[in-house]
Amino acid sequence: MAQLEQIDLRPVPVTASPTRRLSQLLLGLALYGTSMALMTRAGLGLNPWDVLHEGVVNRTGLTFGTVTALAAGVVLLLWIPLKQRPGIGTVANVVVIAITVDLARLVLPDQHALGWQVTFLLSGIVLNGLATAVYVGARLGPGPRDGLMTGLAARTGRSVRLVRTLIELTVLGVGFLLGGTVGLGTVLYALAIGPLAQLFLPYVVWRTRS
């Protein structure tokens, strides 16, 4: 387990293996958007960040998209004391995921049979963990929320699994108190996403050649 916790996730200039790493970045982000579509179509609960977004929407009257953007901005401010730097992956995170999730939702219908709901939910959660590892592992700059995760892991010496789980549970708690919708999928996602990302990272992270 200690070996997994020593994975270097610091951003590396895009000039190092650009074709391989940019392809990995785009694949990971596309998979991430697809995983979000699967979870939303399952109808069994929002992921913790969207619980928070919905809670703020309920309290402020702002649109969901506006709250999502504002939340990302606040998270990016938290990067400053962690000495995290945005990269091409940070920008691509917003654009590629937004496009992919909309395209996937056009193809995937809402599910109403419990069997299909559970299938969509579990597939979405596992795919989300894999996608997170794939695009973060490209080391081209994580998205705002994953940058917070990797920054805290680096500064505290704690595992990605533990840090991600604590972040998700904190966001979930605040969102619930603000009135966001919590369901089975919310709890499963919060508990599983950290261990899943930690599990997949060693197999997909880009390493410099010594």
Side-chain angles (χ1 to χ4, degrees), residues 9-11 25 28-29 32-33 35-37 39-40 45-102 124-125 128-129 131-183 185-187 189-194 196-198:
L9 296 176
R10 290 174 297 180
L25 171 68
L29 294 175
Y32 196 99
S35 73
M36 289 176 63
M39 288 185 287
T40 60
L46 301 170
N47 72 59
W49 282 100
D50 284 344
V51 173
L52 175 63
H53 297 153
E54 184 183 64
V56 175
V57 167
N58 293 339
R59 294 300 184 99
T60 64
L62 297 172
T63 67
F64 198 92
T66 299
V67 171
T68 301
L70 290 174
V74 171
V75 171
L76 284 173
L77 290 177
L78 296 176
W79 282 29
I80 298 174
L82 297 174
K83 298 182 179 180
Q84 290 285 92
R85 295 182 178 180
I88 188 172
T90 311
V91 178
N93 179 280
V94 178
V95 177
V96 177
I97 289 177
I99 294 174
T100 306
V101 69
D102 282 344
I125 291 174
N128 192 273
T132 297
V134 169
Y135 90 77
V136 170
R139 297 174 65 183
L140 286 167
R145 295 162 183 83
D146 289 307
L148 179 63
M149 172 189 72
T150 56
L152 285 172
R155 295 285 287 182
T156 64
R158 303 296 182 180
S159 70
V160 169
R161 176 186 64 251
L162 176 61
V163 171
R164 180 62 181 258
T165 300
L166 289 176
I167 290 174
E168 297 294 332
L169 290 175
T170 300
V171 168
L172 171 59
V174 175
F176 176 74
L177 291 175
L178 291 175
T181 303
V182 177
T186 309
V187 177
Y189 183 92
L191 295 175
I193 190 61
L196 285 170
Q198 181 90 5

Taking distance alone, no hydrogens or angles, what donor-acceptor pairs closer than 3.5 Å link side-chain atoms of residues 166-174 to residues at least two apart or in another chain?
{"unit_1": "Glu168", "atom_1": "OE2", "unit_2": "Arg164", "atom_2": "NE", "d": "2.7"}
{"unit_1": "Glu168", "atom_1": "OE2", "unit_2": "Arg164", "atom_2": "NH2", "d": "3.4"}
{"unit_1": "Thr170", "atom_1": "OG1", "unit_2": "Leu166", "atom_2": "O", "d": "2.8"}

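- Applying the salt bridge (Lys or Arg N to Asp or Glu O under 4.0 Å) rule to pairs touching residues 87-97 yields nothing, sequence neighbours excluded.
- Leu25 approaches Ala138 most closely through the heavy-atom pair N-CB, 4.0 Å.
- Ser35 is linked by a side-chain hydrogen bond (donor to acceptor under 3.5 Å, both in side chains) to Asn128, counting only residues two or more places apart in sequence or in another chain.
- The shortest heavy-atom contact between Val182 and Thr186 is CA-OG1, 3.8 Å.
- Of all heavy-atom pairs spanning Ala197 and Thr132, the tightest one is CB-CG2, 4.3 Å.
- With sequence neighbours left out, Ala37 forms a side-chain contact (heavy atoms from CB on, under 4.5 Å) with Val101, Ala104, Arg105, Leu108.
- The minimum heavy-atom distance linking Ala192 with Ile125 is given by the pair CB-CG2, 4.1 Å.
- The distance from the CG atom of Asn93 to the CG atom of Leu140 is 12.0 Å, given to the nearest 0.5 Å.
- Atom NE2 of His53 sits about 11.5 Å away from atom CG of Leu178, to the nearest 0.5 Å.
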Can you list, pair by pair, the side-chain donor-acceptor contacts under 3.5 Å of residues 69-84, counting residues two or more places apart and other chains?
{"unit_1": "Trp79", "atom_1": "NE1", "unit_2": "Pro144", "atom_2": "O", "d": "2.9"}
{"unit_1": "Gln84", "atom_1": "NE2", "unit_2": "Gly147", "atom_2": "O", "d": "2.9"}
{"unit_1": "Gln84", "atom_1": "NE2", "unit_2": "Thr150", "atom_2": "OG1", "d": "3.1"}

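- Shortest non-hydrogen contact noted between Gly175 and Val51 is C-CG1, 3.7 Å.
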Inset, instruction - Applying side chain to side chain contact (heavy atoms under 4.5 Å, CB included), run through Leu152 and Arg158 and close with a yes or a no. - result: CA-CA 8 Å; Leu152 285 172; Arg158 303 296 182 180; over 6 Å; no

